[in-house]
Asker: 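There's a structure below that I have some questions on.
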Amino acid sequence: MSDSVPADRAVPGPGPADDEAWLTLPDVAERLDLSISKVHQMIRDRELIAVRRNGVRRIPTDLVANKTVLKHLPGVLTLLADAGYDDDAALRWLYEPDDSLPGTPAVALGGDRAREVKRRAQALGF
């Protein structure tokens, strides 16, 4: 039996720390103008990534921009999965600050550094 960790000492999960930086799956479906079942399919197909936060599956808001999924996200998620990363590890990698980008790989995917993020994700498999 494991001891529970008090909420004030709980280790935050991977991804953004701010609860407002996350969308629930119904929110994503509405934002993308898709059915909830299509959002579930996108997660299964590694076009999106979702993790449980406070018992609810959520997706970081930065990964869903302007009513679309970030262009290079599915490719990066596939590369990370091929390198052995599970969803938690992939989110941790996407949100690990990297001064050479600058920022995080997740933020860089929305800008002109997306190809560099893909290159780095690809290198993890070797």
Side-chain angles (χ1 to χ4, degrees):
M1 182 158 98
S2 65
D3 296 329
S4 61
V5 177
D8 62 339
R9 290 191 354 208
V11 176
D18 183 9
D19 283 341
E20 293 180 17
W22 293 85
L23 297 169
T24 63
L25 300 191
D27 293 338
V28 172
E30 184 177 324
R31 183 176 278 201
L32 299 177
D33 195 26
L34 299 171
S35 68
I36 189 72
S37 61
K38 178 61 179 165
V39 173
H40 284 279
Q41 184 65 43
M42 291 174 78
I43 293 167
R44 282 191 299 274
D45 292 344
R46 292 205 167 275
E47 294 174 35
L48 276 172
I49 188 168
V51 294
R52 290 205 181 273
R53 288 189 54 99
N54 301 323
V56 177
R57 287 180 78 186
R58 298 177 189 267
I59 296 171
T61 304
D62 333 347
L63 303 181
V64 183
N66 303 327
K67 298 190 176 206
T68 62
V69 173
L70 291 179
K71 179 180 178 181
H72 296 281
L73 180 64
V76 169
L77 293 176
T78 299
L79 290 167
L80 291 173
D82 290 349
Y85 284 58
D86 64 11
D87 289 347
D88 285 340
L91 266 178
R92 201 168 288 112
W93 185 84
L94 283 167
Y95 284 93
E96 185 71 31
D98 186 335
D99 293 337
S100 67
L101 283 174
T104 65
V107 171
L109 278 175
D112 59 354
R113 305 287 304 204
R115 293 190 192 282
E116 175 62 14
V117 173
K118 280 182 77 170
R119 188 195 66 72
R120 290 178 186 195
Q122 186 175 24
L124 293 172
F126 296 100

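What you see is a predicted model, and the numbers here were worked out from it, not measured in a lab.
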Asker: Find the distance between CG (Leu48) and CD1 (Ile43) and round it off to the nearest 0.5 Å.
Answerer: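 Answer for the CG-CD1 pair, Leu48 versus Ile43, is 6.0 Å.
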
Asker: Of all the heavy-atom pairs spanning Arg113 and Arg120, show the shortest one and how long it is.
Answerer: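 Scanning both residues, the minimum pair turns out to be NH2-NH2, 4.3 Å.
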
Asker: For Val64 and Arg31, work out which heavy atoms get closest and say how close.
Answerer: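 That closest heavy-atom pairing would be O-NH1, 3.2 Å.
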
Asker: State which residue, out of Arg46, Arg52, Arg92, fulfils the side-chain hydrogen bond (donor to acceptor under 3.5 Å, both in side chains) condition with Asp87.
Answerer: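 It is Arg46; the other options fail the test.
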
Asker: Using a cut-off of 6.0 Å, state whether more than 12 heavy atoms not belonging to Glu30 lie near its atom CD.
Answerer: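 Open: at most 12 neighbouring heavy atoms sit under 6.0 Å from CD of Glu30.
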
Asker: If you look at every heavy atom in Asp62 and Tyr95, which pair is closest and at what distance?
Answerer: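 For Asp62 versus Tyr95, the nearest heavy atoms are OD2-OH, 3.2 Å.
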
Asker: Can you see which heavy atom on Lys118 is nearest to which on Leu79, and at what distance?
Answerer: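 Nearest pair, atom of Lys118 first, then Leu79: O-CD1, 3.6 Å.
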
Asker: Would you name the heavy atoms of Ala114 and Leu109 that are closest together and state the gap between them?
Answerer: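 Smallest heavy-atom distance, with atoms named: CB-O, 3.7 Å.
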
Asker: Which residue in the set Val28, Ile59, Leu34 passes side-chain contact (heavy atoms from CB on, under 4.5 Å) when paired with Met42?
Answerer: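 For Met42, the side-chain contact (heavy atoms from CB on, under 4.5 Å) check succeeds only for Leu34.
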
Asker: Closest heavy-atom contact between Pro105 and Glu96?
Answerer: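 Reported closest heavy-atom pair: CD-O, 3.3 Å.
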
Asker: Quickly, which of Leu91, Leu80, Asp88, Val69 forms a side-chain contact (heavy atoms from CB on, under 4.5 Å) with Ile49? Name it, please.
Answerer: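 Result for side-chain contact (heavy atoms from CB on, under 4.5 Å) with Ile49: Leu91.
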
Asker: What distance separates Leu63 CG from Leu77 CG, expressed to the nearest 0.5 Å?
Answerer: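 One gets 7.5 Å once the value is rounded to the nearest 0.5 Å.
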
Asker: Go through the steps to decide whether Val76 and Leu70 satisfy the test side chain to side chain contact (heavy atoms under 4.5 Å, CB included), and finish with yes or no.
Answerer: CA-CA 10 Å; Val76 169; Leu70 291 179; over 6 Å; no

Asker: If you measure from OG on Ser35 to CD on Gln41, what distance do you get to the nearest 0.5 Å?
Answerer: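 If I round to the nearest 0.5 Å, the distance is 10.0 Å.
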
Asker: Would you check if there is a donor-acceptor pair between the side chains of Arg119 and Gln122 at a distance under 3.5 Å?
Answerer: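 No - no donor-acceptor pair under 3.5 Å links their side chains.
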
Asker: For a side chain to side chain contact (heavy atoms under 4.5 Å, CB included) check, start with the C-alpha distance between Leu94 and Tyr85, then their side-chain angles and the critical distance, and finish with the verdict.
Answerer: CA-CA 11 Å; Leu94 283 167; Tyr85 284 58; over 6 Å; no

Asker: Checking Asp33 against Lys67 for the side chain to side chain contact (heavy atoms under 4.5 Å, CB included) test, could you report, in this order, the C-alpha distance in whole Å, the side-chain angles of both residues, the deciding distance, and whether it holds?
Answerer: CA-CA 8 Å; Asp33 195 26; Lys67 298 190 176 206; over 6 Å; no

Asker: So Trp93 and Leu124, side chain to side chain contact (heavy atoms under 4.5 Å, CB included) or not? Walk me through it.
Answerer: CA-CA 11 Å; Trp93 185 84; Leu124 293 172; 3.5 Å; yes

Asker: Would you compute the distance between atom NE2 of His40 and atom CZ of Arg57 and round it to the nearest 0.5 angstrom?
Answerer: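 Reported value, rounded in 0.5 Å steps: 6.0 Å.
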
